[in-house]
Every structure is written in structure tokens, then in C-alpha cells.
Amino acid sequence: MIAHINTLGEEQSIKDHLYGTAKRAEEFAEEFGCGAAGNFCGILHDIGKYSK
């Protein structure tokens, strides 16, 4: 499934989007000792959008 398509027509898969968001959230949350929680939240942040 596709998460995003940019102005050049390049597609980003849901998997790539979720893992990218998880990494960024983890890095942010590490600042206050909650990297693992940030990663988990990043993985789940679009869970309600994913359906067949």
C-alpha cells in the first residue's frame, strides 16, 4: 500500500513511512529518555488509516 506520492510522482510505501516516522520519533524522544516509546508511537501513528 502507498502512504504518500510526492510532486514528482514518487511513491512512499506505508512500511517506509511508518519506519521513517518511528526513527524520527525515537530520536526526538531520546532527548528525554523515552526513545523506545517514541519508536513504538511512530510505528502506530497511522494505524487507523490502514485497512483493505
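For Glu31, there are no side-chain contact (heavy atoms from CB on, under 4.5 Å) partners, not counting sequence neighbours.
Taking CG from Asn39 and CZ from Arg24, the interatomic distance works out to 14.0 Å, rounded to the nearest 0.5 Å. Considering NZ of Lys23 and CD1 of Ile43, their distance stands at 12.0 Å, rounded to 0.5 Å. Atom OG in Ser13 sits 10.0 Å away from atom OH in Tyr19 (nearest 0.5 Å).
When all heavy atoms are compared, the tightest approach of Gly38 to Ala25 is O-CB, 3.2 Å. Summarising the geometry of His17 relative to His45, their closest heavy-atom pair is NE2-NE2, 3.2 Å, with the distance given to 0.1 Å. Ala36 and Glu30 make their closest contact through N-OE2, 4.4 Å (heavy atoms, listed as atom of the first residue, atom of the second, distance).
Looking at Asn6 and Glu10, their side chains do bring a donor and an acceptor atom within 3.5 Å of each other.
Of the listed residues (Asp46, Leu44, Ile47), just one forms a side chain to side chain contact (heavy atoms under 4.5 Å, CB included) with Leu18, and that residue is Asp46.
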